[in-house]
Amino acid sequence: MLSQQDYRSNIKPIYCPGCGDYGVLAALTKAMADLQLDPDNTVLVSGIGCSSSLPHDLKVYGIHGIHGRLLPIAEGVKFANKKLTVIGAGGDGDGYGIGLSHFIHAIRRNVDITYIVMDNEIYGLTTGQASPTSLMGHKTKTSPYGVIEKPINPIALALAAGATYVARGFSGDPNHLAMLIENGIKHKGFALIDVQSPCVSFNELNTYDWFRKRVYKLEEAGHDPSNLEKAFEKAFEFDRDNNKFPIGLFYKKESSTYEELDLAEQKGALVDEPFPSAEEVKNLLDSENA
Ligand SMILES: Cc1ncc(C[n+]2csc(CCOP(=O)(O)OP(=O)(O)O)c2C)c(N)n1
Ligand SMILES: [Mg+2]
């Protein structure tokens with residue numbers, strides 16, 4: 001039996017004291033231990049940002065990728081060896097800004113990966129610029145008079161793109177978050193877990209107290225996660241000044257994955273294919289030139 005601690009590396013996390021990302025680390029290791037994931041067959045892929053340093057903290061395979069590109073890397077890992085459990089982890093700037101189009105395309109392919117977005121409504125690593133989820137009016141280093149753009153609504157966007165598992169957690173409630181991550185990993189298909197994860201150093205607006213006053217759990221409010229229309233309704237409870245901010249599972253649906261439909265993948269995992277001989281490679285190149 002592996003304990004939660006067995007999934008931790010010896011590296012000290014880079015997060016500031018009190019950072020919400022500690023809650024995500026705790027929730028993720030709890031989910032991994034509950035599922036007894038095999039560290040040799042688990043891969044964590046990240047982008048760039050404070051949140052994206054997560055692979056260093058864990059004793060599973062990890063790729064610290066490039067800004068906004070964690071999803072194509074994670075998809076590539078899954079396509080090469082679909083027997084692996086593949087988890088992506090990054091920030092709101094990474095996933096909903098520079099990486100936004102990958103977000104939509106990975107969702108519509110329904111690749112069987114779990115994507116955790118540590119959404120702190122700010123660029124943390126670069127010390128406090130407005131992110132795509134910063135609220136209107138929020139004064140940041142790049143918006144000294146307050147943000148004048150409307151924030152991205154990741155839950156509604158994921159639902160519109162056809163996501164088959166859409167959840168939102170809060171790093172101030174790691175046990176609830178662990179349950180969402182665990183079910184996301186078990187889900188066959190793309191699972192989004194947007195995590196409200198306060199940045200205690202550079203976001204003085206969206207604090208733990210601010211969230212605690214607003215969050216409520218969908219499962220306690222009788223929400224039916226098989227109902228897409230209701231999921232959209234809940235996704236648009238987005239004006240966070242109305243004191244309502246749902247967390248939990250918005251929507252879940254069974255659907256075929258990219259790997260199931262792809263003809264090459266149907267033959268088995270690519271990683272199990274024999275490596276082509278020099279002669280086979282030569283024949284292939286010759287046939288291309290013909
Ligand atoms: C192509 C590219 N553009 C910009 C940067 C600079 N940069 C590094 S992290 C970051 C934003 C990180 O914000 P987020 O993804 O929300 O992560 P957080 O640090 O808040 O966890 C930016 C703009 C970069 N590394 N690469
Ligand atoms: Mg951020």
Side-chain angles (χ1 to χ4, degrees), residues 11-28 44-58 62-74 87-104 106-107 113-144 146-147 149-155 157-158 168-172 174 177 181 192-208 210-211 238 240 245 247:
I11 293 171
K12 196 168 165 276
I14 63 159
Y15 318 125
C16 305
C19 175
D21 295 353
Y22 283 107
V24 179
L25 181 58
L28 179 58
L44 185 63
V45 183
S46 72
I48 298 292
C50 297
S51 41
S52 285
S53 71
L54 199 72
H56 299 271
D57 308 332
L58 292 169
I63 301 177
H64 194 165
I66 50 174
H67 199 28
R69 270 63 188 165
L70 79 85
L71 283 175
I73 299 169
I87 302 166
D92 43 322
D94 193 84
Y96 304 147
I98 189 169
L100 186 65
S101 96
H102 295 304
F103 177 65
I104 292 167
I107 288 175
I113 55 183
T114 306
Y115 183 31
I116 302 169
V117 183
M118 285 160 262
D119 186 357
N120 54 11
E121 284 86 12
I122 204 85
Y123 289 176
L125 187 71
T126 46
T127 73
Q129 297 80 16
S131 91
T133 51
S134 297
L135 296 184
M136 286 183 84
H138 188 175
K139 291 187 175 141
T140 72
K141 277 188 184 161
T142 45
S143 59
V147 169
E149 297 151 287
K150 290 188 186 69
I152 291 261
N153 182 333
I155 302 290
L157 204 55
R168 184 196 279 137
F170 171 42
S171 50
L177 176 59
I181 296 176
L192 168 70
I193 298 127
D194 174 271
V195 187
Q196 299 299 309
S197 186
C199 170
V200 293
S201 297
F202 300 108
N203 186 340
E204 71 305 324
L205 174 67
N206 311 107
T207 60
Y208 286 95
W210 191 91
F211 282 112
F238 191 59
R240 299 177 208 180
F245 192 53
I247 56 172

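As the structure is a computational prediction, the values presented were derived from the model and not from experiment. Order of listing sets the numbers, starting from 1, for every ligand and every atom in it.
- Contacts of ligand 1 (protein heavy-atom distance under 4.0 Å) are I48, G49, C50, S51, H67, G91, D92, G93, D94, I98, N120, I122, Y123, G124, L125, T126.
- No side-chain donor from either of D21 and S51 sits under 3.5 Å from a side-chain acceptor of the other.
- At distances below 3.5 Å, not a single donor-acceptor pair connects side-chain atoms of T207 with backbone N or O atoms of E204.
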Check your understanding: Going through the distances and angles, do L54 and L25 end up as a side chain to side chain contact (heavy atoms under 4.5 Å, CB included)?
Key -> CA-CA 7 Å; L54 199 72; L25 181 58; 3.9 Å; yes

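- Using modelled atom types, no side-chain atom of D119 and backbone atom of D92 make a donor-acceptor pair closer than 3.5 Å.
- Partners of A27 under the side chain to side chain contact (heavy atoms under 4.5 Å, CB included) rule, at least two apart in sequence or in another chain, are P174, L177, A178, I181.
- Heavy atoms of other residues, nucleotides or ligands lying less than 6.0 angstrom from NZ of K139 number 12 at most.
- One finds the CG atom of D194 at 11.0 Å from the CD1 atom of I116 (value rounded to the nearest 0.5 Å).
- Separating the OG1 atom in T126 from the NE2 atom in H67 is a distance of 7.5 Å, to the nearest 0.5 Å.
- Residues satisfying the salt bridge (charged side-chain N to carboxylate O under 4.0 Å, His left out) test with D57, not counting sequence neighbours, are none.
- Under 2.8 Å from the Mg ion (ligand 2), one finds the following protein N/O/S atoms: D92 OD1, N120 OD1, I122 O.
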